[in-house]
Amino acid sequence: LPLAGKPIIEHHLERLKSFGMNHFFLSVNYLAERIQSYFHDGHRLGAQLTFVHEADAMGTIGSVSLIENWQHEFVLIANSDLLTNVDYEQWFSDFIDSKHDLSVLTIPYMVDVPYAILETEHDAVKSFREKPTYTYEANGGMYLIRRKWLSEIPNGHFDATDLIQKMIDTGANVGIHRHQGYWLDIGRHEDYVRAQRDIENLSF
């Protein structure tokens, strides 16, 4: 899908490249031929592109199991339909300083409760909050991970949330990176319309 004359994924790749990343694996299934014919080997972008073919849908992270020739100790895994201005340098710095095995990019998700919420202990009311707003850490669909943990991804259908839970269960150091800037998952028509408007007014 085009945004300001370029496919959404091209904006994504160009921002990653602006932070020094130049070797990408693109997992393809639906309309794979169109994606490959557009990007070829990535030479036009000044990057190295390798296509990973999913014969069947493998979930949000399962296709990573098909990649063998990793060149770096740290790997960024990301959904390709995101438009965001995340500071990858700051995220990576925090990742190293925190000694995380996996870092999940999170975005704030606020829920407004239209009623007074009672804080209780047994059947006694201890306090209450009038129409509170709760903020949760929502999964932003991007992950920094140490390469050694990629072996935990089985060859088959597997989601990123499955990997997160598996790593937590095995005692891995799983953390988050809170992103307070722009982030949009372009998964609905109204999101695409918003992205077309936003990209004209924001720098990515």
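Shown here for S151 and K148, the closest heavy-atom pair between the two residues is OG-O, 3.0 Å. The shortest non-hydrogen separation linking S63 to S27 is OG-OG, 2.8 Å. Closest approach of K99 and R146 over heavy atoms only: CA-NH2, 3.8 Å.
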Note to self: Does K6 form a salt bridge (Lys or Arg N to Asp or Glu O under 4.0 Å) with E14? I'd like the steps, not just the answer.
What the structure shows: CA-CA 11 Å; K6 299 178 184 178; E14 286 181 343; 3.0 Å; yes
Check: For L184 and T84, what are the C-alpha separation, side-chain angles and deciding distance, and is it a side chain to side chain contact (heavy atoms under 4.5 Å, CB included)?
Finding: CA-CA 6 Å; L184 181 63; T84 179; over 6 Å; no
Next item on the list: For the pair I176 and T106, evaluate side chain to side chain contact (heavy atoms under 4.5 Å, CB included) and give the outcome as yes or no after the intermediate values.
Entry: CA-CA 6 Å; I176 65 171; T106 64; 3.7 Å; yes
Item checked: Stepwise side chain to side chain contact (heavy atoms under 4.5 Å, CB included) check, N155 with M58 -> CA-CA 8 Å; N155 191 330; M58 299 181 70; 3.7 Å; yes
Next item on the list: Evaluate the side chain to side chain contact (heavy atoms under 4.5 Å, CB included) criterion for residues Y88 and L144: first the C-alpha distance (whole Å), next the side-chain angles of each, then the deciding distance (0.1 Å), finally the verdict.
Entry: CA-CA 10 Å; Y88 294 103; L144 267 173; over 6 Å; no
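Looking only at side-chain heavy atoms (C-beta outward), W149 and M167 come within less than 4.5 Å of each other. Between V125 and T120 the shortest side-chain heavy-atom distance falls below 4.5 Å. Using a 4.5 Å heavy-atom cutoff, the side chains of I77 and V64 are in contact. Proximity of H72 to R147: side-chain heavy atoms (C-beta onward) are nowhere separated by under 4.5 Å. In this structure, L76 and F74 have side chains that are not in contact, with every pair of non-hydrogen atoms separated by 4.5 Å or more. Using a 4.5 Å cut-off on side-chain heavy atoms (C-beta onward), I145 and L150 make contact. Looking at H179 and P108, their side chains never come closer than 4.5 Å, going by heavy atoms from C-beta outward. Contact of the L13 side chain with the K17 side chain is not registered, since no non-hydrogen atoms from C-beta on lie closer than 4.5 Å.
Around CG of D56, the count of heavy atoms belonging to other residues, nucleotides or ligands within 6.0 Å does not exceed 12. In Y109, the OH atom is not crowded: 12 or fewer heavy atoms of neighbouring residues, nucleotides or ligands sit closer than 6.0 Å.
With respect to P132, the side chain to side chain contact (heavy atoms under 4.5 Å, CB included) criterion is satisfied by exactly one of V113, D112, V111: V113. For the side chain to side chain contact (heavy atoms under 4.5 Å, CB included) criterion with T60, the lone passing option out of L163, T161, D159 is D159.
In the hydrophobic clustering, where aliphatic and aromatic side chains (Ile, Leu, Val, Met, Phe, Trp, Tyr) are joined below 4.5 Å either directly or transitively, L31 groups with Y30.
Side chain of S93 to backbone of E89: no donor-acceptor contact under 3.5 angstrom is found. A donor-acceptor pair under 3.5 Å is absent between the side-chain atoms of S80 and the main chain of I9, judged by distance alone. Counting only distance, with no hydrogens or angles, the side chain of W183 and the backbone of I107 share no donor-acceptor pair below 3.5 Å. For H11 (side chain) and L3 (main-chain N/O), a donor-acceptor pair under 3.5 Å exists by modelled atom type. A donor-acceptor distance shorter than 3.5 angstrom exists from the side chain of H12 to the backbone of N79, with no hydrogens or angles considered. Checking side-chain atoms of H43 against main-chain N and O of G46 turns up no donor-acceptor pair under 3.5 Å. Using modelled atom types, no side-chain atom of S98 and backbone atom of F95 make a donor-acceptor pair closer than 3.5 Å. Without hydrogens or angle criteria, D81 side chain to G187 main chain gives no donor-acceptor distance under 3.5 Å. Using modelled atom types, one side-chain atom of D101 and one backbone atom of N173 make a donor-acceptor pair closer than 3.5 Å. The backbone N or O of Q90 sits less than 3.5 Å from a side-chain atom of D87, completing a donor-acceptor pair.
Cluster annotation: I186 and I199 are assigned to the same hydrophobic cluster (Ile/Leu/Val/Met/Phe/Trp/Tyr, side-chain heavy-atom contacts under 4.5 Å, transitive). Note on V28: it does not cluster hydrophobically with L66, by side-chain heavy-atom contacts below 4.5 Å among ILVMFWY residues. Following chains of ILVMFWY side-chain contacts shorter than 4.5 Å, one cannot reach V52 starting from L16, and the two form parts of different hydrophobic clusters. There is no path of hydrophobic side-chain contacts, each under 4.5 Å, that joins L26 to I61. Cluster membership for M142 and F19, using ILVMFWY side-chain heavy atoms within less than 4.5 angstrom, is shared.
The side-chain tip of R34 does not point at the ring of F39 from less than 6.0 angstrom away and within 45° of straight on.
Put simply, CG on D162 and CD on E152 are 12.5 Å apart, with the number rounded to the nearest 0.5 Å. Q196 contributes atom CD, which lies 11.0 Å from atom CG of L83 (distance to the nearest 0.5 angstrom). S103 contributes atom OG, which lies 10.0 Å from atom CD1 of I96 (distance to the nearest 0.5 angstrom).
Annotation: Y38 is not in aromatic contact with H40 [ring centroid separation under 6.0 Å not met]. In this structure, Y143 has its ring center at least 6.0 angstrom away from the ring center of W91.
Among residues two or more places apart in sequence or in another chain, the ring pair (Phe, Tyr, Trp, His ring centres under 6.0 Å) test is passed with F128 by none.
Using a cutoff of 4.0 Å between basic side-chain nitrogens and carboxylate oxygens, R15 and E10 are not scored as salt-bridged. In summary, D191 and R194 do not engage in a salt bridge, as defined by a charged side-chain N under 4.0 Å from a carboxylate O.
The salt bridge (Lys or Arg N to Asp or Glu O under 4.0 Å) analysis of residues 118-145, with sequence neighbours excluded, yields the pairs E137-R178.
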